[in-house]
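Data first, discussion second: the structure below is written as structure tokens.
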Amino acid sequence: PFDDNSSGQRSVNNYTLYDIGFGFKDTVFYLEGDNPGMANELYIEAYQKENSGEFSDAIEIYKEIITDYKDSLYAVSSLSRLFNCHEKKNSTVTEFSALQNYYSDIFVDTTYSETQRNLSEDFMIKSKVKQNNIEGAVSDYNTIYSIT
């Protein structure tokens, strides 16, 4: 969507190049949050906490990045790091249920990018597996497969 300004152009301050094959690259322009360095700093802090075994602290920081820096590339990576932290800390079924709900909220929230929503759907299903709801997870993956 375009920003509401007189030029009709969307405000951007960063871009990413994606190789689409045959020597062609696709350029995706995006608006990095008000303080793009902050997302980077938070991500590094969360990653360090994760690697030192402070999983609960890392989880909170990853969630902060996902919520406050939606337009950051770190938000996408934080979705998977969040799940990894829960796996590493051997979360309970109840914690994976809460995580499933967290991912479900992102999946239905159109303010997140399509990539973030698709990843959230995948991790939502993986959370079901961690709750021993294998039949539900298989059913969800079959639904995705039949749609595509």
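With rounding to the nearest 0.5 Å, the separation of CD1 in Ile66 from OG in Ser120 is 7.0 Å. Glu45 CD to Asp57 CG: the interatomic distance, rounded to the nearest 0.5 Å, is 8.5 Å. With values rounded to the nearest 0.5 angstrom, Asn101 atom CG is found 14.0 Å from Phe107 atom CZ. Note that the NZ atom of Lys63 and the OH atom of Tyr102 stand 6.0 Å from one another [nearest 0.5 Å]. Separating the CD atom in Gln116 from the OG1 atom in Thr111 is a distance of 8.5 Å, to the nearest 0.5 Å. Note that the OG atom of Ser97 and the CD atom of Gln100 stand 6.0 Å from one another [nearest 0.5 Å].
For CZ of Phe55, the number of neighbouring non-hydrogen atoms (other residues, nucleotides, ligands) closer than 6.0 Å is greater than 12.
The cluster map of Ile, Leu, Val, Met, Phe, Trp and Tyr, joined by side-chain heavy atoms under 4.5 Å apart, puts Ile44 and Tyr62 in different clusters. Connection of Ile61 to Tyr47 is established within a shared hydrophobic cluster, with ILVMFWY side chains joined at heavy-atom distances below 4.5 Å, either directly or through further cluster members. Hydrophobic clustering of Ile, Leu, Val, Met, Phe, Trp and Tyr side chains at less than 4.5 Å, counting indirect connections, keeps Ile134 apart from Phe83.
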Determine whether Asp109 and Lys70 satisfy the following criterion, side chain to side chain contact (heavy atoms under 4.5 Å, CB included), listing intermediate values before the conclusion.
CA-CA 11 Å; Asp109 187 344; Lys70 290 178 187 177; 4.2 Å; yes
Would Ile59 and Lys49 count as a side chain to side chain contact (heavy atoms under 4.5 Å, CB included) here? Give the steps.
CA-CA 9 Å; Ile59 286 168; Lys49 288 189 179 294; over 6 Å; no
For Met124 and Asp140, run side chain to side chain contact (heavy atoms under 4.5 Å, CB included): C-alpha distance rounded to whole Å, both residues' side-chain angles, the deciding distance at 0.1 Å, then the answer.
CA-CA 10 Å; Met124 180 176 62; Asp140 289 347; 5.6 Å; no
Quick one, Met38 with Leu42, criterion side chain to side chain contact (heavy atoms under 4.5 Å, CB included). Give me CA distance, side-chain angles, the key distance, then yes/no.
CA-CA 6 Å; Met38 188 63 177; Leu42 284 172; 4.3 Å; yes
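Remark: side-chain polar atoms of Ser80 are paired, donor with acceptor, to backbone N or O of Ser77 under 3.5 angstrom. Side-chain atoms of Thr67 never come within 3.5 Å of backbone atoms of Glu64 as a donor-acceptor pair (strictly under, hydrogens ignored).
Shown here for Ala75 and Tyr69, the closest heavy-atom pair between the two residues is CB-O, 3.4 Å. Nearest approach of Ala46 to Ala58, heavy atoms of both residues: O-CB, 3.5 Å.
For Glu87 and Lys130, the salt-bridge test passes: some basic side-chain N is under 4.0 Å from an acidic carboxylate O.
Each of Glu95, Glu50, Glu54 was scored for a salt bridge (charged side-chain N to carboxylate O under 4.0 Å, His left out) with Lys89, with one residue passing: Glu95.
With 3.5 Å as the limit, one finds no donor-acceptor pair spanning the side chains of Tyr103 and Ser127.
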